[in-house]
Amino acid sequence: MDIKAVDQQYVANTYRRFPVTIVRGKGSLVWDDQGKEYIDLGTGIAVNTFGIADDVWQQAVIEQLGKVQHMSNLYYTEPCAILAEMLCQRTGMKKVFFSNSGAEANECAIKAARKYAAEKKGAAYSTIITLWNSFHGRTITTLAATGQEVFHQDFLPLTEGFVHAAANDLADVAAKAAEHRTAAIMIECVQGEGGVNALTPDFVQGLAELCKKEDILLICDEVQLGNGRSGMLYGYMNYGIQPDIVSTAKGLCGGLPLGATLLGDKVQSVLGPSDHGSTFGGNPVCCAGAISTLSRLTEPVLEGVRQRSRLIINTLTGQPGIKSVTGLGLMLGIEAEKPAEEVIRSCMEQGVLVLSAHGKVRLLPALNIPLDQLRQALHILVQVCGSAA
Ligand SMILES: *Cc1c(COP(=O)(O)O)cnc(C)c1O
């Protein structure tokens, strides 16, 4: 059977797929249907936190699969409660709403912020300020939040009440917060899809002060950066701030769909019965995977993330054909002299899977990628970037 032909005929044509069919993997290695081996520096876009078919993770998931695979949120289940407790204890947040994706985690953050502001300051205080070049999801509301107009065209009108300000420009955000009756400011500490650019500490700390002073909620979208990838448990922890709401998803479970919206002091009681819900949210199998993943994100593992990050940055910086390396931890962007698409294609031919982001080559390896595999992949990447086009 020609998988590519069947896929092209029957799957909606929303992805520009690479001409590769992946059949299995182990850790940071994957194999295609021709038996070709690749070193995976993409982890399914920051999802497979400890790589593919990791033994510890698999055990946790399989064990829960044999007990109960799903129950309605009308009943208590142990994995959901334990995971919420772990998330709160490790972040200082007070309550968790579980969903299935990053977009849904942000939808909940937006609903909680609007309800808080409506109750506290009045229904007119509905504006959410986000940054240009941000990415917050593909639903009509999270598209409105996303500060990149290329994603908006063809889908208008979007949800009202979103205003965009320039990243790293505190005066612009402050002006917009003064101009509009504002419920919340939502940021990614490292803009992922926007080109893997870390916000400056001055800007993020300034935003946190502005929010505190004006009783505006600060929402950190940790969908991509969160769950250990930054070298800290959550990206905002690198900035010494405490957001009011944190949304996360991608790497939380380590490979199954799970979104979470963490609600801090101010907003912990804002959502009540029937204000929000999700049939699959907090699925016990996904929560069991997340408990396993989160309990492995210990200080030595996070130090391993920082060590791998330094290895990548030191290996790539200043190499011929490489203009810059940006980002944080194991969420890194490479500005190459060649077009990113060409680097990605050549790397793939030589057995290394990397991603793109806004014209850059993006690396999102497993947090425990073996150092020999990482070095080998970097060697290939350096050669590809440095060789004549
Ligand atoms: C991927 C991403 C989302 C959307 O997550 P989905 O699970 O695809 O809905 C939202 N915010 C950020 C920062 C992301 O990287």
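Source: prediction; values computed, not measured. First listed ligand is number 1; within each ligand, the first listed atom is number 1. Just so you know, residue 1 is the first one in the sequence shown, and it goes up from there.
- Distance from atom 4 (C) of ligand 1 to its nearest protein heavy atom, with residue and atom name: A103 N, 3.8 Å.
- R90 CZ: more than 12 foreign heavy atoms inside a 6.0 Å radius.
- Neither the backbone nor the side chain of E104 has any atom closer than 4.0 Å to an atom of ligand 1 (non-hydrogen atoms only).
- Near D221, meaning under 4.0 Å from any of its heavy atoms, are these atoms of ligand 1: 10 (C), 11 (N), 12 (C), 13 (C).
- Interface of N106 with ligand 1, defined as ligand atoms under 4.0 Å from a residue heavy atom, comprises 10 (C), 11 (N).
- L363 is listed as a side-chain neighbour of I312, based on a closest heavy-atom distance under 4.5 Å.
- Taking all heavy atoms of E222, Q191, K250, H136 into account, the minimum distance to atom 10 (C) of ligand 1 is reached by H136.
- To the nearest 0.5 Å, atoms SG (C211) and CD1 (I185) are separated by 3.5 Å.
- In terms of protein heavy atoms, atom 7 (O) of ligand 1 is closest to G102 N, 2.8 Å.
- Close approach to Q224 involves these atoms of ligand 1, each under 4.0 Å from a residue heavy atom: 15 (O).
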Please output the side-chain donor-acceptor pairs of residues 368-380 that fall under 3.5 Å, not counting sequence neighbours, one pair per line with the distance.
none

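- Taking any N or O of V223, backbone or side chain, none lies under 3.5 Å from an N or O belonging to ligand 1.
- Counting heavy atoms closer than 4.0 Å to ligand 1, residue A249 contributes nothing at all.
- When each atom of ligand 1 is checked for a heavy atom of S101 under 4.0 Å away, the hits are 7 (O), 9 (O).
- Set against the non-hydrogen atoms of E188, the atoms of ligand 1 under 4.0 Å away are 13 (C).
- Polar contact check, G137 against ligand 1: no nitrogen or oxygen pair lies under 3.5 Å apart.
- Taking a 6.0 Å sphere around CZ of F280, one finds it holds 12 or fewer heavy atoms contributed by other residues, nucleotides or ligands.
- Contact annotation: for T142 versus ligand 1, there are no heavy atoms closer than 4.0 Å.
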